[in-house]
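Each remark here refers to the structure printed beneath this line.
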Amino acid sequence: MGLINMKTPLVEMDGDEMTRILWQWIKEQLICPYVDLNVEYYDLGLPNRDVNNDRVTVDSAKAIMTYGVGVKCATITPNIQRVEEYGLKEMWKSPNATIRGILDGTVFRSPVLIDCIKPAVRAWQKPIHIARHAYGDVYGAVEQRVTAPGRAELVFTETNGGETRTLIHDFKGAGVLQAMHNRDDSILSFAHVCFKYALDRKIDLWFSTKDTISKQYDQTFKILFQEVYEKHYKADFEKAGIEYFYTLIDDAVARVIRSKGGFLWACKNYDGDVMSDMVSTAFGSLAMMTSVLQSPDGHYEYEAAHGTVTQHYYRHKRGEETSTNPIATIFAWTGALRKRGELDQNQPLQDFADKLEKACLDTLEAGIMTKDLVGLCEGVTPTPVSSKGMMDAIAKRLAGM
Ligand code: NAP
Ligand code: MG
């Protein structure tokens, strides 16, 4: 059988450590035997970022804006220890932060589910996808520690003159202060990508804030989401038979736990930070969590939610056997290939992505899994395998499909 052609290139961003090893195997064993891979390759491995002063990260993000779809391997965000380990010229910024800054995106996370690994929450039958607004709130806040009596006020000075003052508190003694902000344009683009993501997958969208208490801040999120819905998405949602549902964050938490899953939960920055860790852990493992950055103008970057799995890489380098789970990284590839296929109306490419995912799921359902999943497995006797053993098992199943 001939290889599947790709009309438009996919932006490939290579990475670091154990995930860089898996990356190579995924291409060699699972993709290149079936697809005439058309990629524009960017090496975001730390040594190469250092050689070209991190120019490659910016170039790769711009390439995603040109071609629309990228797939990224996990990368090291350098700290002091990494500067020494790699002899770096500088402590380069987090590639994900650089790419997010250029694409202006929202991060969506979804778990990969299999029957033999039951979520800790028994009611959940379908994935719960989380959208986290990645701008403002407490992450961009300013704070003060107050140690003497005094008057705290919130002051807004308009560029054209004029001033608004609000009393925060008359301090009689020590205390703390915090001020945070958000912008309408950022909230609006967050709303748009959430509605688009839900429509893309034909799933309901839930959104939650605490607008009853936060009568300006959270209320603004609620109003802007409602306006965007009415003006741009209501008709399409009704046609697709899906729902937009707004509720208070505490009510949402209670409903999420009782739900069967199968929806997108849009969260403000802090709520999304906390809730995505809770949801991914309750579904099983970080190694089974996929992540996609979606920009308001329809650009997509797919990756695994986990990092470069450093400890496993050190073992691999010493020649010891590792058992690193490749699933989230494989699903980053299938997500990107499927999206490329959709945008190019390339049905064989979309079908291939479905087939490769099925080969992964069938392998796991047969109990063949890496060690991180073995303790979570129910109903089948698990066969623990090495990193390479897992790749070989998936490749064999794919070849037989
Ligand atoms: P990590 O690479 O996600 O690994 C943390 C631990 O989780 C591992 O030690 C391992 O536990 C387990 N784990 C994660 N992925 C796994 C997989 N696929 N299979 C099996 N076990 C897995 O996070 P980290 O150790 O905090 O960070 C390592 C490096 O990754 C850092 O340099 C960081 O900057 C980078 N990072 C990159 C991204 C990204 O590019 N998106 C995200 C996060 C971190 P055991 O050791 O117990 O087996
Ligand atoms: Mg967190």
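Ligands are counted one by one from 1 in listed order, and the atoms in each one are counted from 1 as well.
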Can you list the atoms of ligand 1 that are under 4.0 Å from a heavy atom of [X]?
X    : result
T324 : 17 (C), 18 (N), 19 (N)
A74  : 40 (O)
N96  : 39 (C), 40 (O), 41 (N)
G307 : 1 (P), 2 (O), 3 (O), 30 (O), 36 (N), 37 (C), 38 (C), 42 (C), 43 (C), 44 (C)
T310 : 28 (C), 29 (C)
A287 : 16 (C), 17 (C), 18 (N), 19 (N)

Among all protein heavy atoms, pick the one closest to [atom] and tell me residue, atom and distance.
atom                    : result
atom 18 (N) of ligand 1 : N325 O, 2.8 Å
atom 35 (C) of ligand 1 : T75 O, 3.4 Å
atom 34 (O) of ligand 1 : T77 N, 2.9 Å
atom 29 (C) of ligand 1 : T308 OG1, 3.0 Å
atom 14 (C) of ligand 1 : H306 CB, 3.9 Å
atom 4 (O) of ligand 1  : V309 CA, 4.2 Å

[X]-[Y] aromatic ring centre distance below 6.0 Å:
X    : Y    : value
F237 : Y244 : no
F331 : Y302 : no
H181 : F156 : no
Y233 : H192 : yes
F263 : F245 : no

Please walk me through it: do T75 and D16 pass side chain to side chain donor-acceptor pair (under 3.5 Å)?
CA-CA 5 Å; T75 46; D16 289 301; 5.2 Å; no
Apply the test salt bridge (charged side-chain N to carboxylate O under 4.0 Å, His left out) to residues E321 and R315: give CA-CA distance (whole Å), side-chain angles for both, the deciding distance (0.1 Å), then the verdict.
CA-CA 7 Å; E321 200 174 78; R315 258 176 262 153; over 6 Å; no
Tell me whether [atom] lies less than 4.0 Å from at least one protein heavy-atom position.
atom                    : answer
atom 32 (O) of ligand 1 : yes
atom 48 (O) of ligand 1 : yes
atom 43 (C) of ligand 1 : yes
atom 40 (O) of ligand 1 : yes

Which word best sums up how the rings of F190 and H133 line up, parallel for under 30°, tilted for 30 to 60°, or perpendicular for over 60°?
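Rings of F190 and H133: parallel, under 30°.
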Just distances here: any N/O of [X] and N/O of ligand 1 closer than 3.5 Å?
X    : answer
L286 : no
Q311 : no
R82  : yes
E17  : no

For F108, the option from W265, Y197, Y300 that meets ring pair (Phe, Tyr, Trp, His ring centres under 6.0 Å):
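Among W265, Y197, Y300, the one meeting ring pair (Phe, Tyr, Trp, His ring centres under 6.0 Å) with F108 is Y197.
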Could you tell me whether the side chain of K339 reaches within less than 4.5 Å of the side chain of L10, counting heavy atoms only?
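No, too far: nothing below the 4.5 Å cut-off.
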Within less than 4.0 angstrom of ligand 1, does T370 place any heavy atom?
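Judged by the 4.0 Å heavy-atom criterion, T370 does not count as contacting ligand 1.
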Answer with yes or no whether H312 contacts ligand 1, where contact means a heavy atom under 4.0 Å from a ligand atom.
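Contact present.
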Applying side chain to side chain donor-acceptor pair (under 3.5 Å) to T310 and R82, what does each step give before you reach the verdict?
CA-CA 11 Å; T310 310; R82 298 297 201 165; 3.1 Å; yes
At a non-hydrogen distance cut-off of under 4.0 Å, which region of K72 contacts ligand 1 (side chain, backbone, both, or neither)?
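Under 4.0 Å from ligand 1, K72 contributes side-chain atoms alone.
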Using the side chain to side chain donor-acceptor pair (under 3.5 Å) rule, take Q350 and N346 through it: C-alpha gap first, then chi angles, then the decisive distance, then the call.
CA-CA 7 Å; Q350 296 176 57; N346 185 343; over 6 Å; no
Measuring from D372:CG to S285:OG, what's the distance to the nearest 0.5 Å?
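The CG atom of D372 sits 4.5 Å away from the OG atom of S285.
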Chi angles and distances behind the side chain to side chain contact (heavy atoms under 4.5 Å, CB included) call for M6, L349:
CA-CA 8 Å; M6 288 173 65; L349 195 59; 3.9 Å; yes
